[in-house]
Amino acid sequence: MTVTDSDENTGAGADAAPARRKLISGPGILLVWLYGVMVVGAVSRSAVQISTDFHKAPLAYALSAVAGVVYGFITYSLVRGGDTARKAALVCCAAELVGVLAVGAWTLAEPSAFPDATVWSDFGMGYLFIPVILPVTAIFWLRKARRASAG
């Protein structure tokens, strides 16, 4: 028996894999899209900066690359769906929020530590504050998805 997308999500069919609750329905689609944009932005920015000017601000450029990897993992987890992916995305979103707040505060308190901006500098001001808004929104969405799967 072939498992279709609807079979997988409802658990229908004798040979169906365990149901994986989708995380990208409704507002989750917007989260995936925004995280996808942030992956492209952070990874491409850091790749160019690391390959051309790494000596100018190695910490800033490395942090932008780390942000891109975190965004990529969260995007993958949201698309993958399921309880394990939701938990992993939740942990990564919490870590992302801590990183944004820490780097944001650090760049304001000691601007000389960052001769060039990171994705998370000034709480993501260069990215319209999306880096600080996105993890908060994603955490609320993922918690809502947990309650929906439990009920």
Original post:
So do the side chains of Lys56 and Tyr61 get within less than 4.5 Å of each other, counting heavy atoms only?
Top reply: yes

Original post:
Between the side chain of Ser121 and the main-chain N/O of Thr107, is any donor-acceptor distance below 3.5 Å?
Top reply: no

Original post:
So which heavy atom on Glu96 is nearest to which on Pro131, and how close?
Top reply: OE2-O, 3.8 Å

**OP:** Report the distance from atom OH of Tyr35 to atom OG1 of Thr137, rounding to the nearest 0.5 Å.
**Re:** 8.0 Å

**OP:** Spell out, yes or no, whether Met38 and Val43 are grouped together once hydrophobic residues are joined by side-chain heavy atoms under 4.5 Å, including indirect joins.
**Re:** yes

**OP:** For side chain to side chain contact (heavy atoms under 4.5 Å, CB included), just list the numbers for Leu78 and Leu142, CA-CA rounded to whole Å, side-chain angles, deciding distance to a tenth of an Å, and then say yes or no.
**Re:** CA-CA 9 Å; Leu78 289 171; Leu142 290 165; 3.7 Å; yes

Original post:
Of the non-hydrogen atoms in Val136 and Val132, which two are nearest, and what is the gap between them?
Top reply: CG2-O, 3.5 Å

Original post:
Using the ring of each side chain (for Trp, its six-membered ring), is Tyr71 parallel, tilted or perpendicular to Trp120, with breaks at 30° and 60°?
Top reply: perpendicular

Subject >> hydrophobic_cluster_shared for Ile139 and Val98, side chain cutoff 4.5 Å >> reply: no

Original post:
Nearest heavy-atom pair of Phe129 and Phe123: which atoms, and what distance?
Top reply: CD2-O, 3.4 Å

Original post:
Distance-only, no hydrogens or angles: does the Ser64 side chain make a donor-acceptor pair with backbone N or O of Val119 under 3.5 Å?
Top reply: yes

Original post:
At what distance, to the nearest 0.5 angstrom, does CG of Leu63 lie from OG of Ser46?
Top reply: 10.5 Å

Subject >> Separation of Thr75 OG1 from Leu31 CG (nearest 0.5 Å) >> reply: 9.5 Å

**OP:** Would you kindly confirm whether Val69 and Val39 end up in one hydrophobic cluster when ILVMFWY residues are joined by side chain heavy atoms under 4.5 Å apart?
**Re:** no

Original post:
Between Ile130 and Pro135, which heavy-atom pair has the shortest distance, and what is it?
Top reply: O-CD, 4.2 Å

Original post:
Would you say Val91 and Leu97 are hydrophobically clustered, going by side-chain heavy atoms of ILVMFWY under 4.5 Å?
Top reply: no

Original post:
How many angstroms lie between atom CG of Leu134 and atom CG of Leu128, to the nearest 0.5 angstrom?
Top reply: 12.5 Å

Original post:
Do you know the tightest heavy-atom contact between Ala117 and Gln49?
Top reply: O-NE2, 4.4 Å

**OP:** Group every Ile, Leu, Val, Met, Phe, Trp and Tyr by side-chain heavy-atom contacts under 4.5 Å, then state whether Val48 and Tyr127 land in the same group.
**Re:** no

Original post:
Are Phe114 and Trp106 an aromatic pair by the rule of ring centers under 6.0 Å?
Top reply: yes

Original post:
Shortest non-hydrogen contact from Ile74 to Cys92?
Top reply: CG1-CB, 3.6 Å

